[in-house]
Novice: 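Mind looking over this structure? Questions follow.
Since the structure is predicted, the reported quantities are computational estimates derived from the model, not experimental observations.
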Amino acid sequence: MKAETARKEAQQMLVSFHKDSDLSMRTLSTPSPALICPQNSQGCQNGRGSSTSSSSVTGETVAMVHSPPPTRLTHPLIRLASKHQKEQANIDRLPDQSMIQIFSFLPTNQLCRCARVCRRWYNLAWDPRLWRTIRLTGETINVDRALKVLTRRLCQDTPNVCLMLETVIVSGCRRLTDRGLYTIAQCCPELRRLEVSGCYNISNEAVFDVVSLCPNLEHLDVSGCSKVTCISLTREASIKLSPLHGKQISIRYLDMTDCFVLEDEGLHTIAAHCTQLTHLYLRRCVRITDEGLRYLMIYCTSVKELSVSDCRFVSDFGMREIAKLESRLRYLSIAHCSRITDVGIRYIAKYCSKLRYLNARGCEGITDHGVEYLAKNCTKLKSLDIGKCPLVSDAGLEFLALNCFNLKRLSLKSCESITGQGLQIVAANCFDLQMLNVQDCDVSVDALRFVKRHCKRCIIEHTNPAFF
C-alpha cells in the first residue's frame with residue numbers, strides 16, 4: 001500500500017510539473033512517449049497514463065528519437081518562460097537520489113516523458129537503476145519498434161547488451177511478433193523474467209531464441225500464445241552444450257494457460273529441458289492427457305504448484321502420477337476435470353500431506369468419502385474449492401471442520417446437498433475462515449448469521465437476499 005501511495009503521489013507531482021513545462025524543452029535523443037502511447041491518447045496527453053490503463057488507448061503508435069535538450073535556451077521568450085518555470089518548480093530542489101526514487105514508481109511511458117523535460121531529468125530518467133524493468137501494454141502499440149528503440153538507448157554504455165535489464169512485461173501487446181522477441185534475446189542476456197501473455201503472434205522459434213540466449217531466465221509467461229507448443233533450446237545452442245544441455249534451462253515458473261495446441265509430446269520436451277520447474281500452469285491445455293503428466297513427473301520432481309484445470313482428458317491415473325511429487329506439492333488445481341473421482345483424491349491425500357491449496361470445482365465424481373480422506377491426511381489445508389460437486393454434503397463438511405482447523409478459504413458454490421447445519425459445524429471449528437462461497441446453496445439466513453458471529457473476519461458470498 002505504501003509503494004502504491006508513493007507511486008500515485010509521484011505521478012501527481014510530475015503531472016503538475018508537466019503542465020507548466022514548455023514544449024520546447026523536449027529532448028532530442030530520448031524515446032518519445034509516442035513510442036509507448038498513440039499520439040491521440042489522452043493518457044499520454046495528460047501525463048496520467050499507466051501500465052494498467054494504456055491498453056485502452058486507440059490509434060497508431062509511432063517511434064521518435066530525440067537528443068538531450070540544450071543546456072541554455074537562447075530565444076528571449078523561451079528564456080523568460082524558463083525563468084518563470086524555475087521559480088515555480090519546487091521539485092527541482094530535490095536531490096538526485098530523491099528524484100530517482102520518485103521516478104522508480106513510474107511506468108515506462110511516463111519515464112520517457114520525464115526524460116524529455118530538461119537535461120537534468122534526462123540524465124536521471126536514464127539512470128540504469130530505473131531500467132531493470134520494461135513494462136508495455138496495449139493492443140495498438142507498435143511494441144516491436146518500441147523494444148528496438150528502448151534497447152538501443154539502454155545499450156549506449158554497454159554496446160549491444162542491456163546488462164541491467166532483468167524484466168520485460170509486454171502482456172496484451174497483440175502486435176508483438178518474433179522480431180520483438182528476437183530483439184530481447186539479442187540485447188538482454190541478463191533477462192530473468194519475461195511476460196508475453198496474450199501475444200498470439202509469437203511462435204516457438206522466437207521463444208527458443210529467448211530461452212537459448214538468456215540463460216538466467218527463470219520466469220516465463222506465454223499464456224494465450226496459441227502458436228507456442230513447446231519450450232526448448234535452439235538447435236545451435238543444443239550443439240554447443242553437452243548432452244545434458246536440458247539442465248541449462250533455468251526456468252522455474254512457466255505459465256502456458258490457453259496454449260490450446262500443446263500436446264503430450266510438447267509437454268515431454270518441456271519437462272526434459274526445464275527440469276528445475278517449481279510452478280507450472282497448464283489451464284485449458286485441452287490436449288494434455290495422463291501420459292503427458294507421466295512425462296512431467298519423470299523429469300520435474302520439484303514442482304510445488306501445478307494447474308491442469310479444464311484439461312478434460314486428465315483422470316485418476318494422472319492424479320496417481322502427480323502424487324509422486326509427495327510433500328513437495330503445495331498447490332493443485334484440477335477444476336472441471338470431470339474424469340477425476342474419489343480415487344484420484346485419495347492418491348493426492350495419501351502422498352501429498354503438505355498440500356495447502358486444492359481447487360476441485362466441477363469434479364462431479366468427488367463425494368464425501370474423498371473429502372473425508374483429504375481432510376484426515378491434508379490437515380494443513382488452507383484453501384479448498386469443491387463447488388459444483390453435487391455429491392458432497394454436510395457429512396464431508398464435518399470431516400473438514402474436525403481436521404482442517406487452519407482453513408481460510410472455502411468455496412461450496414452450487415453444492416446442492418449442503419445445508420446450514422454443515423456450515424455451522426465449519427464455523428464452530430474454523431475460526432480463521434476468511435472467505436466462504438455458498439452461492440446457489442440452500443442455506444438459511446440463521447446459518448449465515450451463525451457463520452458471521454463465529455468467523456468475524458469472514459467474507460460470505462451468497463445469493464440469499466434476506467442476508468446482508
Side-chain angles (χ1 to χ4, degrees), residues 219 221 223 252-257 277-285 288 293 296-297 300-311 314 316 318-337 340-342 344-366 370-389 392 396-397 399-415 426 429-439 455 457-461:
H219 182 116
D221 183 352
S223 57
R252 298 178 183 274
Y253 179 106
L254 178 60
D255 191 344
M256 298 192 70
T257 298
L277 278 175
T278 58
H279 297 69
L280 178 61
Y281 305 95
L282 304 172
R283 306 179 188 96
R284 293 180 291 281
C285 294
I288 296 297
L293 295 180
L296 184 65
M297 295 308 119
C300 303
T301 58
S302 301
V303 174
K304 297 179 180 178
E305 296 193 8
L306 176 64
S307 175
V308 289
S309 296
D310 295 283
C311 296
V314 173
D316 292 334
M319 295 298 97
R320 183 179 63 181
E321 297 298 326
I322 293 175
K324 294 178 181 178
L325 293 171
E326 298 180 342
S327 60
R328 294 179 292 276
L329 186 66
R330 303 300 177 88
Y331 171 109
L332 178 63
S333 180
I334 52 175
H336 304 291
C337 295
I340 295 177
T341 67
D342 288 343
I345 295 298
R346 285 173 67 94
Y347 279 122
I348 298 298
K350 181 177 180 180
Y351 296 101
C352 305
S353 58
K354 293 186 178 181
L355 193 68
R356 299 289 193 275
Y357 175 102
L358 176 64
N359 182 358
R361 174 175 294 193
C363 296
E364 298 181 354
I366 297 178
V371 175
E372 175 186 359
Y373 211 82
L374 181 70
K376 290 182 177 180
N377 290 273
C378 301
T379 57
K380 296 183 179 181
L381 202 63
K382 292 185 177 181
S383 179
L384 177 64
D385 188 341
I386 47 176
K388 298 184 179 180
C389 294
V392 175
L397 292 187
F399 289 119
L400 280 175
L402 297 178
N403 293 277
C404 301
F405 304 110
N406 296 320
L407 199 63
K408 296 183 181 297
R409 301 175 65 88
L410 178 62
S411 178
L412 305 169
K413 182 178 180 179
S414 301
C415 287
V426 171
N429 291 273
C430 303
F431 303 108
D432 293 332
L433 197 65
Q434 298 177 4
M435 194 284 292
L436 176 64
N437 188 339
V438 289
Q439 293 176 336
C455 306
R457 299 173 57 190
C458 184
I459 298 175
I460 304 176
E461 299 179 10

Novice: So, for Asn429 and Phe405, which heavy atoms are closest and what is the spacing to 0.1 Å?
Specialist: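 The pair with the smallest heavy-atom distance is O-CD2, 3.9 Å.
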
Novice: Do other residues, nucleotides or ligands put more than 12 heavy atoms under 6.0 Å from the CZ atom of Arg457?
Specialist: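 For Arg457, atom CZ is not crowded (no more than 12 foreign heavy atoms under 6.0 Å).
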
Novice: Consider side-chain contact (heavy atoms from CB on, under 4.5 Å). Of Leu384, Leu381, Asp432, which one does Lys408 pass it with?
Specialist: Asp432

Novice: Grab the two heavy atoms, one from Cys285 and one from Cys311, that are nearest each other, plus how far apart they are.
Specialist: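 That closest heavy-atom pairing would be O-SG, 3.4 Å.
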
Novice: Is it the case that atom CZ in Arg409 sees more than 12 heavy atoms from other parts of the structure closer than 6.0 Å?
Specialist: no

Novice: Whether the side chain of Asp316 engages the backbone of Thr341 through a donor-acceptor N/O pair (distance < 3.5 Å, no angle test) should be reported.
Specialist: yes

Novice: Is the shortest heavy-atom distance from the side chain of Ile348 to the side chain of Leu332 under 4.5 Å?
Specialist: yes

Novice: Which distance, rounded to the nearest 0.5 Å, do you find between the CD1 of Ile366 and the CG of Asp342?
Specialist: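 It comes to 7.0 Å.
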
Novice: I'd like to check the salt bridge (Lys or Arg N to Asp or Glu O under 4.0 Å) partners of Glu321; sequence neighbours left out, ordered by chain and number.
Specialist: Lys324

Novice: Testing the basics here: between Asn437 and Gln439, what is the closest heavy-atom pair and its distance to 0.1 Å?
Specialist: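 What the structure gives for the nearest pair is OD1-N, 3.0 Å.
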
Novice: Do Leu436 and Val426 come close enough that some side-chain heavy atom pair is under 4.5 Å?
Specialist: no

Novice: From His336 NE2 over to Lys388 NZ, what is the distance, rounded to the nearest 0.5 angstrom?
Specialist: 5.5 Å

Novice: What distance separates Cys415 SG from Arg361 CZ, expressed to the nearest 0.5 Å?
Specialist: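 Rounded to the nearest 0.5 Å, the SG-CZ separation comes out at 9.0 Å.
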
Novice: Can you tell me how far the CZ atom of Arg284 sits from the OG atom of Ser307, to the nearest 0.5 Å?
Specialist: 8.5 Å

Novice: I'd like to know if the side chain of Arg346 and the backbone of Tyr373 have a donor-acceptor N/O pair within less than 3.5 Å.
Specialist: no

Novice: Looking at OG1 of Thr301 and CG of Leu296, how far apart are the two atoms once the value is rounded to the nearest 0.5 Å?
Specialist: 10.0 Å

Novice: Any heavy-atom pair between the side chains of Arg356 and Lys380 that's under 4.5 Å?
Specialist: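 Of all side-chain heavy-atom pairs linking Arg356 with Lys380, at least one is under 4.5 Å.
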
Novice: Leu277 and Cys300: which non-hydrogen atoms are nearest, and at how many Å?
Specialist: CD1-SG, 4.1 Å

Novice: Could you report the tightest heavy-atom contact between Leu407 and Ser383, atom names first, then the distance?
Specialist: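 Shortest heavy-atom separation between Leu407 and Ser383 comes out as CD1-N, 4.1 Å.
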
Novice: Do Met297 and Leu325 have side chains that approach each other closer than 4.5 Å (heavy atoms only, starting at C-beta)?
Specialist: yes

Novice: Would a distance-only check, ignoring hydrogens and angles, find a side-chain to backbone donor-acceptor pair under 3.5 Å from Ser414 to Gly387?
Specialist: no

Novice: With a 4.5 Å limit on heavy-atom distance, are the side chains of Val371 and Leu374 in contact?
Specialist: no

Novice: In Å and rounded to the nearest 0.5 Å, what is the CG to CZ distance from Asp255 to Arg283?
Specialist: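 Going from CG on Asp255 over to CZ on Arg283, the span is 5.5 Å.
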
Novice: Tell me whether the count of non-hydrogen atoms from other residues, nucleotides or ligands lying under 6.0 Å of CG in Leu402 goes above 12.
Specialist: yes

Novice: Using 30° and 60° as the class limits, which term best fits the ring planes of Tyr253 and Tyr281: parallel, tilted or perpendicular?
Specialist: tilted

Novice: So which atom in Asn377 and which in Ala349 form the shortest heavy-atom distance, rounded to 0.1 Å?
Specialist: CB-O, 3.1 Å

Novice: Given the rule in the side chain to side chain contact (heavy atoms under 4.5 Å, CB included) test, do Leu410 and Leu433 qualify, once you have shown the distances and angles that lead to the verdict?
Specialist: CA-CA 8 Å; Leu410 178 62; Leu433 197 65; 4.3 Å; yes

